[in-house]
Protein chains: 2
Amino acid sequence: MNPQLTEHIKQFASPTEEDLALLFEEVEYKAVGPKEFLLKEGQFCKFQYFVLKGCLRLYQINDRGNEQIFNFGIPNWWITDLDSLINHTPAKKYIQATKKCEVLKFSRVHLEKVMAVSPAICNYFRILLEKVKVADQRKMEYSLKFSGEELYHHFCSKNPAFVQEVPQYMIASYLGFTPEFISKIRGKK
Amino acid sequence: MNPQLTEHIKQFASPTEEDLALLFEEVEYKAVGPKEFLLKEGQFCKFQYFVLKGCLRLYQINDRGNEQIFNFGIPNWWITDLDSLINHTPAKKYIQATKKCEVLKFSRVHLEKVMAVSPAICNYFRILLEKVKVADQRKMEYSLKFSGEELYHHFCSKNPAFVQEVPQYMIASYLGFTPEFISKIRGKK
DNA sequence: CTTAAAAATTAATCATGATTAAGAAATATC
DNA sequence: GATATTTCTTAATCATGATTAATTTTTAAG
């Protein structure tokens with residue numbers, strides 16, 4: 001019964017004690033070292049990770065050998081390769097710690113069992129997914145209405161602490177730019 | 001108790017008769033004429049629409065006066081302005097029929113009541129949202145790994161029927177291009 | 001402290017796709 | 001069937017951000 005996750009769930013849903021007991025019936029606390037992988041290309045993703053501490057990234061290596069970051073996993077957020085997880089296909093993505101992390105590891109099989117019987121836990125995940133959809137939609141919106149330079153400055157202003165925590169080239173990749181382009185922007189002043 | 005939606009739900013979840021009865025307790029069938037709006041900028045979005053027939057689009061008009069299409073609502077799919085819906089803010093988006101449509105209109109208030117008590121219905125929406133997330137992730141992936149021309153051809157090959165059904169400039173907007181650019185690509189052969 | 005590895009910078013060149021503007025084709029309306 | 005509106009096309013110019021390659025700075029490891 002991890003208090004950090006319990007607290008997080010209660011922000012969005014109203015689980016009973018039984019709901020929480022059932023959820024935590026099967027969970028693994030895991031310390032993750034810097035650059036350690038929780039998933040590699042080719043593996044079948046079977047887990048969802050709740051980030052307690054640190055930062056992870058979900059990324060893919062495309063045809064030209066470039067990394068493409070889709071998501072960061074920051075504290076009080078979940079990270080997984082949803083495509084591999086729900087479609088039972090080999091992952092095309094990697095999940096890697098960008099620094100020392102602590103996570104809670106839940107198997108998908110277990111979570112599906114919990115969601116099947118607990119409206120509160122199911123609603124918790126449903127609400128998170130709705131928030132993710134809105135965030136993704138805003139990202140699309142910004143990427144069209146802002147120039148690259150504006151997009152970078154906007155991201156930095158919205159996430160001032162975060163941009164200090166991960167290497168610049170990862171911010172570049174997340175925003176869809178080359179590291180050189182970010183350098184160019186920063187060099188302007 | 002609309003059979004088309006019932007069928008759709010049963011593809012992803014196992015609702016009881018009570019679940020379905022509760023869901024359909026409050027629903028409005030609505031015929032929508034071409035170019036008719038279900039939502040306009042500035043309004044508060046209070047509904048989610050299940051598309052039975054036809055096609056709608058969710059779009060926004062940006063600073064330069066250009067339309068930016070985020071989603072199409074095709075048969076057996078849902079359309080709404082999630083941002084306005086969940087954050088109770090005035091919509092920045094429009095929902096408009098691209099042709100004659102038939103939809104089922106559910107109020108968010110009602111759906112939240114249903115999801116609070118029915119794991120099956122909640123799971124149905126959770127599963128759809130997971131699918132949406134995967135689709136959005138693939139869209140991001142493609143938009144980086146493909147050139148504009150490749151992206152357009154890829155989209156056409158994956159949605160051959162759909163591209164015949166809506167004006168070309170809407171495909172352009174959905175993919176993040178100008179109509180002129182699509183013309184240029186098509187003019188090449 | 002030294003060396004190796006990782007991350008960031010700079011600058012020149014290049015390609016993609018936007019912009020602008022005008023006209024043609026298709027569709028809808030009366 | 002004529003007119004108006006919507007949609008699509010063509011072509012020239014332009015800007016953004018990628019690519020390439022070399023160098024510097026920072027961080028990590030022995």
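Residue numbers begin at 1 in each chain, while the letters A, B, ... track the order of the sequences. Everything quoted here is computed from the prediction, not taken from an experiment.
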Derivation of the ring-ring contact (aromatic ring centres under 6.0 Å, His included) call for B:H153 and B:F146 | CA-CA 10 Å; B:H153 288 315; B:F146 290 147; over 10 Å; no

salt_bridge(A:R126, A:E130) N-O dist < 4.0 Å = yes

Taking atom P of D:dT7 as reference, at what distance in whole Å does atom NZ of B:K99 sit?
-> 14 Å

Result for side chain to side chain contact (heavy atoms under 4.5 Å, CB included) between A:Y94 and one of A:Q60, A:E67, A:K40 points to A:K40

Sugar-phosphate or base contact per nucleotide [nucleotides 9-30 of chain D; S, B, -; heavy atom under 4.0 Å] = BB------BBBBB---------

Could I get the full list of side-chain hydrogen bond (donor to acceptor under 3.5 Å, both in side chains) partners for B:Q137, not counting sequence neighbours?
-> none

Does a side-chain N-to-carboxylate-O contact under 4.0 Å join B:E112 and B:R108?
-> yes

